[in-house]
Amino acid sequence: MSFPLAEPEPLAPGTLRVTPLGGLGEVGRNMTTFEYEGKILIVDCGVLFPEEHQPGVDLILPDFEPIKNRLDDVVGVVLTHGHEDHIGAVPYLLRLKPDIPLIGSGLTLALVEAKLKEHRLKPFTLTVREGQEERVGPFDLEFVAVNHSIPDALAVAIRTPAGLALATGDFKMDQLPLDGRITDLRAFARLGEEGVDLFLVDSTNADVPGFTPTERSIGPVLEQVIGKARRRVIVASFSSHVHRVQQVIDAAHAHGRRVAFLGRSMVRNMTIAEQLGYLKVPANVLIDYKKARDLPDDRIVYMSTGSQGEPMAVLSRMANLDHAIEPGEGDTVILASSLIPGNENAVYRVIDGLTKLGADVVHKANAQVHVSGHAAAGELIYCYNILKPKNVLPVHGEYRHLIANAKLAQATGIPEERTIVGGNGTIIDLRDGEARVAGQLDIGFVYVDGSTVGGITDADLKDRRILGEEGFVSVIVVVDSSTGRIISGPEIHARGVAEDDSVFDDITPKIVAALEDAARNGVRDNHALSQIIRRTIGRWVNQKLRRRPMIVPLVIEA
């Protein structure tokens with residue numbers, strides 16, 4: 001459900017205020033603030049990747065506006081794990097205040113620091129691990145190991161006199177993880193005995209029945225596909241999916257192939273993972289991709305970015321023959337990742353492009369080359385029964401996921417009024433074991449477009465969509481400034497409209513007539529004349545050509 005915009009009530013003493021600024025109603029840009037006694041703790045600060053209806057946008061950030069004037073009150077940012085949808089917006093937050101402390105596990109902070117280095121920012125960091133407790137401002141934090149599709153993920157328990165909140169971050173309950181690090185259900189049970197007043201829980205797979213398959217089940221499938229491949233193998237995955245890359249390296253090594261990383265983020269992240277010991281690479285397996293081209297085709301595996309069909313990522317460029325490596329007949333391409341909602345069309349375009357080039361494309365729909373990193377319904381029910389939280393706030397997911405998660409909580413006996421299905425900007429106040437909605441902020445999208453942050457609006461994106469889908473028509477007219485009489489024009493030019501410019505010959509007399517009528521009525525204002533031109537040609541184009549192009553009139557006074 002959504003709540004009408006409402007100014008938040010003043011924060012009462014002894015109350016913990018929780019406000020998601022991103023990640024609810026969407027898969028990405030996860031960020032939640034916790035405020036107690038005038039101090040703010042942030043959990044996660046991620047990005048959302050743009051969809052097709054957002055042309056030209058590189059990234060979408062959480063809306064920092066509610067805290068922009070209170071950054072001196074921020075005591076730290078807890079980062080639950082190293083995926084972009086949880087850490088990607090950190091550089092943009094630290095641009096506003098570089099000395100905000102970052103708190104996270106070793107791998108998470110290493111990935112963040114590498115990203116911040118590109119932005120020329122050196123952060124203040126506190127490295128923590130599971131079982132550790134830290135006092136940060138008025139918040140007592142305890143970190144709990146959780147299993148996810150990246151090593152070193154942590155849940156965080158946040159204690160204040162107002163109550164205990166537990167934020168899972170992204171997690172699942174893989175019982176046979178590659179690194180042997182399972183979700184610590186004993187710690188969950190202990191917290192449940194203490195009393196969890198507010199449970200903020202990952203919802204991404206809440207509508208998937210049963211249990212998420214183990215990551216270990218992917219290994220034999222990858223080994224089989226790579227073993228049968230006749231020529232080159234190209235595997236696309238998230239650039240931070242260390243476990244998946246590990247299994248690709250193991251399968252390649254088993255079949256006498258070497259591995260080359262493609263894509264800047266893949267090279268950066270896997271270098272960090274290997275240096276920290278999270279990625280185990282046998283000797284003489286890795287090779288620079290430029291040298292890899294000298295190897296026989298049946299002796300190389302390329303590990304690349306682009307599993308979501310991103311236009312500038314390696315795999316899309318390969319499909320468009322815009323990369324040094326050009327897939328062809330007999331090559332095998334494996335998309336070892338899930339489909340993030342909104343990316344389906346882009347991914348299938350890449351699959352079609354690779355198939356057209358003759359490659360054998362293996363993906364989740366035709367082979368088990370991916371398992372999710374998120375808990376399915378059966379695992380979430382286990383958590384509810386172990387924790388028995390007093391109040392639940394489903395987070396991290398689209399609305400269908402949030403609602404499905406709330407229903408799971410209710411099925412385990414948590415009252416409906418204690419399960420809050422909110423949205424970005426929903427303010428929840430926690431006190432004496434009771435959580436209630438105390439307001440609703442107007443939270444917007446903050447677009448990153450090249451070097452511009454927040455300068456692009458929804459109106460700009462609408463203009464881009466019109467330009468891309470309907471075309472562009474310009475009308476130039478020179479008028480006498482004193483009489484309003486037309487001296488030259490109208491001159492009409494079109495771009496992105498299938499018809500030749502001569503088609504506009506029929507409308508030219510009507511524009512002239514409309515401007516002459518305006519002149520007789522004493523209209524001299526350029527803006528008013530432009531609007532007359534826009535309306536006249538707009539109606540005609542809509543009726544005659546069945547199009548709604550962007551129309552740009554230019555009235556010049558002489």
Side-chain angles (χ1 to χ4, degrees), residues 82-83 107 111 148-151 174 176-179 213-289 291-293 295-308 313-315 318 323 325 327 331-338 347 350-351 354 359-364 366-373:
H83 280 154
L107 178 61
L111 295 175
H148 186 38
S149 54
I150 187 173
D174 190 336
L176 298 169
L178 293 180
D179 59 3
T214 64
E215 179 70 27
R216 199 177 292 270
S217 65
I218 300 297
V221 181
L222 289 172
E223 190 165 330
Q224 182 183 37
V225 173
I226 291 173
K228 288 182 177 180
R230 292 177 290 139
R231 295 186 64 224
R232 297 174 296 183
V233 176
I234 301 161
V235 185
S237 180
F238 293 116
S239 63
S240 54
H241 202 330
V242 178
H243 296 321
R244 192 65 42 81
V245 174
Q246 181 70 68
Q247 296 195 94
V248 170
I249 288 174
D250 293 343
H253 182 54
H255 291 283
R257 290 178 181 256
R258 301 188 72 179
V259 177
F261 294 140
L262 298 177
R264 186 180 61 166
S265 60
M266 179 69 73
V267 173
R268 180 190 67 201
N269 292 347
M270 291 309 117
T271 300
I272 292 170
E274 185 183 10
Q275 289 172 346
L276 295 178
Y278 294 97
L279 187 68
K280 313 292 184 184
V281 183
N284 298 318
V285 169
L286 291 183
I287 185 171
D288 182 85
Y289 99 93
K291 295 179 180 178
R293 286 180 286 178
L295 293 175
D297 285 347
D298 62 351
R299 286 291 171 263
I300 185 65
V301 173
Y302 292 106
M303 189 76 224
S304 87
T305 58
S307 63
Q308 297 303 305
V314 171
L315 197 64
M318 286 184 184
H323 193 274
I325 298 166
D331 288 338
T332 299
V333 180
I334 304 171
L335 273 71
S337 66
S338 62
V347 172
V350 171
I351 292 174
L354 293 167
D360 179 19
V361 184
V362 180
H363 52 94
K364 189 180 178 182
N366 58 25
Q368 191 176 343
V369 290
H370 174 73
V371 297
S372 176

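Just so you know, these numbers use all the heavy atoms, side chains as well, and skip hydrogens, waters and symmetry mates. Just so you know, these numbers come straight off a predicted model, no measurement behind them.
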query = So with a 6.0 Å cut-off around NE2 of His255, is the heavy-atom count from everything else above 12?
reply = yes
Practice problem: Answer yes or no: is there a side-chain heavy-atom contact under 4.5 Å between Val281 and Met270? | Solution: no
ask   = Is there a donor-acceptor pair under 3.5 Å between the side chain of Arg258 and the backbone N or O of Val301?
value = no
dist Asn269:CG -> Phe261:CZ (nearest 0.5 Å) comes out at 10.0 Å
_Test side chain to side chain contact (heavy atoms under 4.5 Å, CB included) applied to Val371 and Arg216, step by step_ = CA-CA 9 Å; Val371 297; Arg216 199 177 292 270; over 6 Å; no
Value for CG (Leu111) from CD1 (Ile150), rounded to nearest 0.5 Å, stands at 5.5 Å
**OP:** Would you check if Ser149 and His83 make a side-chain contact, meaning some heavy-atom pair closer than 4.5 Å?
**Re:** yes
Paired with Glu215, the side-chain hydrogen bond (donor to acceptor under 3.5 Å, both in side chains) test is passed by just one of His370, His148, Gln247, namely Gln247
Note: Lys280 and Ile249 closest approach over all heavy atoms is O-CG2, 4.4 Å
Rounding to 0.5 Å, atoms CD (Glu223) and CG (Asp250) come to a distance of 8.5 Å
Closest heavy-atom pair, His363 versus Val361, reported as atoms and distance to 0.1 Å, is CD2-O, 3.9 Å
Query raised in the report: Below 4.5 Å, heavy atoms only, C-beta onward: do Leu222 and Val248 meet side chain to side chain?
Result: yes
Would Met318 and Leu262 count as a side chain to side chain contact (heavy atoms under 4.5 Å, CB included) here? Give the steps.
CA-CA 11 Å; Met318 286 184 184; Leu262 298 177; 3.3 Å; yes
Smallest heavy-atom separation, Ala260 atom then Ala292 atom, equals CB-CB, 4.1 Å
Distance col, row Leu286:CG vs His253:NE2, nearest 0.5 angstrom, shows 11.5 Å
Interatomic distance, CG@Leu315 vs OG@Ser304, rounded to 0.5 Å, equals 5.0 Å
Heavy-atom closest pair (Ser239 atom, Thr305 atom, distance to 0.1 Å) is CB-CG2, 3.9 Å
| Heavy-atom side-chain proximity of Lys228 to Val233 below 4.5 angstrom | no
- [ ] Kindly indicate whether the side chain of Met266, heavy atoms from C-beta on, has any atom under 4.5 Å from the side chain of Val314.
- [x] no
**Request:** Taking the side chain as every heavy atom from C-beta outward, state whether Ile325 and Tyr289 have any pair of such atoms under 4.5 Å apart.
**Result:** yes
Heavy-atom closest pair (Ser237 atom, Met303 atom, distance to 0.1 Å) is CB-CE, 3.5 Å
The reported gap from CG in Asp179 to CG in Leu279 (rounded to nearest 0.5 angstrom) is 12.0 Å
### Task
Check whether more than 12 heavy atoms from other residues, nucleotides or ligands sit under 6.0 Å from atom CZ of Arg293, and answer yes or no.
yes
Item to check | Heavy atoms from other residues, nucleotides or ligands near CG of Asp288 exceed 12 (cutoff 6.0 Å) | outcome: yes
Do the non-hydrogen side-chain atoms of Ile287 and Ile300 ever get within less than 4.5 Å of each other?
-> yes
In terms of heavy-atom contacts, Arg232 and Pro327 come closest through NH2-CA, 3.8 Å
* Validation row: Arg257, Asp298 side chains within 4.5 angstrom (heavy atoms) -> yes
